[in-house]
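First up is the structure itself, then whatever we jot down about it.
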Amino acid sequence: MPELPDVAGFARYLEKTVLHQTVSRTHVPDERILSGVTRRQLAARLKHRQLAATHRHGKYLLLELDDGAHLVLHFGMTGRLAAWRRDGADPDDIKVLWDLEDGWHLAYTCQRLLGEVGYARDRARFVSSQSLGPDALDPDLTEDRFLALMEGRRGTTKGLLMNQSVIAGLGNVYSDEILFQAGIRPGRKVDRLSAQERRELYRVLRRVLTTACERGDAVADQPDSWLIHRRDEDQECPRCGGTLRADTVIGRTSYWCPSCQD
DNA sequence: TTCCATGTTCCGCA
DNA sequence: TTGCGGAACATGGA
């Protein structure tokens with residue numbers, strides 16, 4: 001599930017629970033989740049460090065420490081965070097567990113091991129090392145800049161939206177939502193979009209993500225008129241009542257309405 | 001048993 | 001060079 005709005009929700013969750021607390025111990029039951037660090041290195045670098053601030057870039061959550069370095073969290077398809085007090089029950093699928101100095105615990109859980117936990121000294125350097133494009137909600141990502149990103153691209157519009165090195169933060173679900181609300185078929189080639197459609201795509205992208213982040217990360221929190229509630233075979237289009245289609249575009253199941261999207 | 005899943009990455013090919 | 005399809009990764013549910 002975790003796309004930009006979900007990761008934004010994780011960041012808020014950390015702010016409400018364990019932010020500003022200090023790590024006393026890092027336990028890594030399954031080292032396969034680590035990327036670029038060993039469990040010994042991670043434990044040593046986090047020991048006695050305070051969790052100072054949250055940052056998000058696309059689907060990455062960067063938890064800044066009081067020495068300026070960052071704990072890097074990526075959630076894959078099944079990554080989650082859980083924080084609890086002393087005698088709370090442990091969640092399932094814990095891949096990394098942090099004990100904090102005042103009795104709280106923070107767990108990174110991941111059922112399918114497709115996420116990763118890492119460590120990065122410098123945030124900007126990390127973003128460029130991952131070849132990530134601008135965050136989809138970056139205030140500096142203006143309409144003009146977005147239009148420039150689309151220039152010269154020949155693939156599908158859905159492929160563009162999901163390409164993290166072009167724009168960071170969108171996955172399968174939210175790209176379908178944005179394309180639905182913009183009235184553009186997932187398989188439409190970028191170079192066949194009119195100037196008006198390109199501008200509309202930008203506006204809808206920002207509106208959908210802003211709304212989703214404000215409402216919370218649960219699908220049920222999103223407006224009833226959204227496609228997100230109807231990602232299943234033979235569902236009705238929330239706009240025209242027609243039958244939605246499910247096609248494979250750039251290798252992912254894509255839901256769309258043949259009457260509302262062109 | 002087989003297929004599918006909201007994540008990324010790599011390879012071969014057009 | 002860009003982008004696509006397919007496979008791979010690991011696991012569980014329909």
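Protein chains get the first letters and strands the later ones, always in sequence-line order, with residue 1 at the start of each.
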**OP:** Applying side chain to side chain donor-acceptor pair (under 3.5 Å), run through A:Y60 and A:Q130 and close with a yes or a no.
**Re:** CA-CA 10 Å; A:Y60 284 90; A:Q130 298 299 116; 3.1 Å; yes
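- A salt bridge does not link A:R192 with A:E197: every distance from a Lys NZ or Arg NE/NH1/NH2 to an Asp or Glu carboxylate oxygen is 4.0 Å or more.
- Going from atom CZ of A:R252 over to atom C1' of C:dA8 covers 12 Å, rounded to whole Å.
- Scanning residues 220-232 of chain A for heavy-atom distances under 4.0 Å to DNA chain B yields an empty list.
- Summarising the geometry, the separation between CZ on A:R153 and P on C:dT1 is reported as 14 Å, rounded to the nearest angstrom.
- Following rounding to the nearest Å, A:L4 (CG) and B:dT6 (P) show an atom-to-atom distance of 18 Å.
- Protein atom CG of A:D247 is 16 Å distant from nucleotide atom C1' of C:dC4, rounded to whole Å.
- Nucleic acid contact class of A:T78 (heavy atoms, under 4.0 Å, all strands): none.
- One P atom belongs to C:dG3, the other to B:dT6, and the distance between them is 22 Å to the nearest Å.
- When rounded to the nearest whole Å, the span between CD1 of A:I250 and C1' of B:dC13 equals 18 Å.
- The two residues A:A136 and A:L141 have their closest heavy-atom pair at O-CD2, 3.9 Å.
- Listed in residue order, the members of residues 162-181 of chain A having a heavy atom less than 4.0 Å from DNA chain B are A:Q164, A:G171, A:N172, A:V173.
- What separates CZ of A:F10 from P of B:dG7 is a distance of 12 Å, to the nearest Å.
- An OP1 or OP2 oxygen of B:dA14 is reached within less than 4.0 angstrom by no side-chain nitrogen or oxygen of A:R154.
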Original post:
So what is the 5' to 3' dot-bracket string for DNA chain B, if pairs are Watson-Crick or G-U wobble with both distances under 3.5 Å, crossing pairs use [ ] and | means the partner sits on another strand?
Top reply: .||||.||||||||
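- Within the structure, a side-chain polar atom (N or O) of A:T156 is placed less than 4.0 Å from OP1 or OP2 of C:dC4.
- With sequence neighbours left out, A:D102 forms a side chain to side chain contact (heavy atoms under 4.5 Å, CB included) with A:Q21, A:L100, A:W104.
- Salt-bridge annotation for A:D6 and A:K59: absent, with no side-chain N of the basic residue lying under 4.0 Å from a carboxylate O of the acidic one.
- The two residues A:R231 and A:D176 come nearest to each other via the heavy atoms NH1-OD2, 2.9 Å.
- Protein atom NZ of A:K158 is 17 Å distant from nucleotide atom P of C:dG3, rounded to whole Å.
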Let me check something: any side-chain donor-acceptor pairs from residues 179-187 of chain A under 3.5 Å, sequence neighbours excluded? List them with distances.
residue: A:Q181; atom: OE1; partner: A:R207; partner atom: NH2; Å: 3.3
residue: A:Q181; atom: NE2; partner: A:E177; partner atom: OE2; Å: 2.8

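- Near-neighbour residues of DNA chain B inside residues 112-137 of chain A, defined by a heavy atom below 4.0 Å, number-ordered: A:R112, A:L114.
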